[in-house]
Amino acid sequence: MNNVRKNVLIALAALTLGGAAFAAEEQAQAPKGPHQHQQMSPEQRQAKRAEFQAKMAEHRAQRQQQLHDALKLSSAQEQAWNTFVAAMKPAERAAHPDRAAFANLSAPERMQKMIEFSKQRTARMESRQAALNTFYSTLNPEQKKVFDEQTRRAMGEHHGMHGQHRPGMMRG
């Protein structure tokens with residue numbers, strides 16, 4: 001009976017050590033921290049991005065509906081609202097330049113590319129501002145007050161990742 005007990009204890013100890021070693025190996029292979037995306041395949045990154053974009057589109061639609069309801073728009077204002085919402089829709093994400101090609105540019109060439117990207121973003125923002133101004137001009141004073149209150153966070157008082165300005169409804 002003593003030998004059986006010894007053998008059982010030895011077997012349990014071996015299983016415990018084996019399980020601990022297996023868990024340690026799994027943990028060592030698991031991606032860590034903010035660099036998990038580097039472990040994903042391009043297809044996985046694209047699927048994750050598509051999932052995120054769908055979630056954000058749903059959130060944006062909910063917020064737009066809440067704003068629409070809060071404004072109590074007249075039928076005469078609906079066309080301006082539809083134009084405004086269409087203009088605020090995020091632009092398709094431009095393809096990022098090839099990192100290797102970008103890295104091979106000289107410092108002045110890289111700076112020129114960054115200026116071009118900035119100008120494109122500014123042009124999109126100016127287009128949105130024009131749509132905002134057009135829609136805002138159709139609102140009465142009470143609606144303007146509601147609009148200002150409802151969009152304050154989305155249009156400037158909220159800063160996103162890394163301190164960059166990420167307007168909620170105005171993304172793109």
Ignoring hydrogens and angles, write down the donor-acceptor pairs under 3.5 Å from the side chains of residues 100-110, residues two or more places apart or on other chains.
residue, atom, partner, partner atom, Å
Asn104, ND2, Ala100, O, 3.1
Ser106, OG, Glu109, N, 3.3
Ser106, OG, Glu109, OE1, 3.2
Glu109, OE1, Ser106, N, 2.8
Arg110, NH1, Leu105, O, 2.7

Review item, side-chain donor-acceptor pairs of residues 137-146, under 3.5 Å, at least two apart:
residue, atom, partner, partner atom, Å
Ser137, OG, Thr134, O, 2.7
Thr138, OG1, Phe135, O, 2.6
Asn140, OD1, Glu142, N, 3.0
Asn140, OD1, Gln143, N, 2.7
Asn140, ND2, Gln143, OE1, 3.4
Gln143, OE1, Gln77, NE2, 2.8
Gln143, OE1, Asn140, N, 3.0
Gln143, NE2, Leu71, O, 3.0
Gln143, NE2, Lys72, O, 3.4
Gln143, NE2, Gln77, OE1, 3.0

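Scanning for side-chain hydrogen bond (donor to acceptor under 3.5 Å, both in side chains) contacts around Gln66 gives an empty result, with sequence neighbours left out. A search for side-chain hydrogen bond (donor to acceptor under 3.5 Å, both in side chains) contacts involving Asp148 returns Tyr136, not counting sequence neighbours. Residues passing the ring pair (Phe, Tyr, Trp, His ring centres under 6.0 Å) test with His68, sequence neighbours excluded: Trp81. Not counting sequence neighbours, the partners of Glu43 by the side chain to side chain contact (heavy atoms under 4.5 Å, CB included) test are Ser41.
We find the CD-CZ distance between Gln64 and Phe84 to be 7.5 Å, quoted to the nearest 0.5 Å. The distance from atom CE of Met125 to atom CZ of Arg121, rounded to the nearest 0.5 Å, is 5.0 Å. To the nearest 0.5 Å, the span separating CZ on Arg49 from CZ on Arg45 amounts to 7.5 Å. Atom-to-atom distance recorded for Asp69:CG and Gln150:CD is 10.0 Å, nearest 0.5 angstrom. Interatomic distance, CD of Glu126 versus CD of Gln129, reported as 7.5 Å (0.5 Å rounding).
Heavy atoms from other residues, nucleotides or ligands lying under 6.0 Å from CD of Gln46 number 12 at most.
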Verdict with reasoning, Lys48 to Gln44, per side chain to side chain contact (heavy atoms under 4.5 Å, CB included): CA-CA 6 Å; Lys48 192 156 187 80; Gln44 289 171 321; over 6 Å; no
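In this structure the side chain of Gln53 never reaches within 4.5 angstrom of the side chain of Pro90, judged on heavy atoms. Looking only at side-chain heavy atoms (C-beta outward), Leu132 and Arg128 stay at 4.5 Å or farther from each other.
Thr122 places a side-chain N or O within 3.5 Å of a backbone atom of Ser118 that can act as its donor or acceptor partner.
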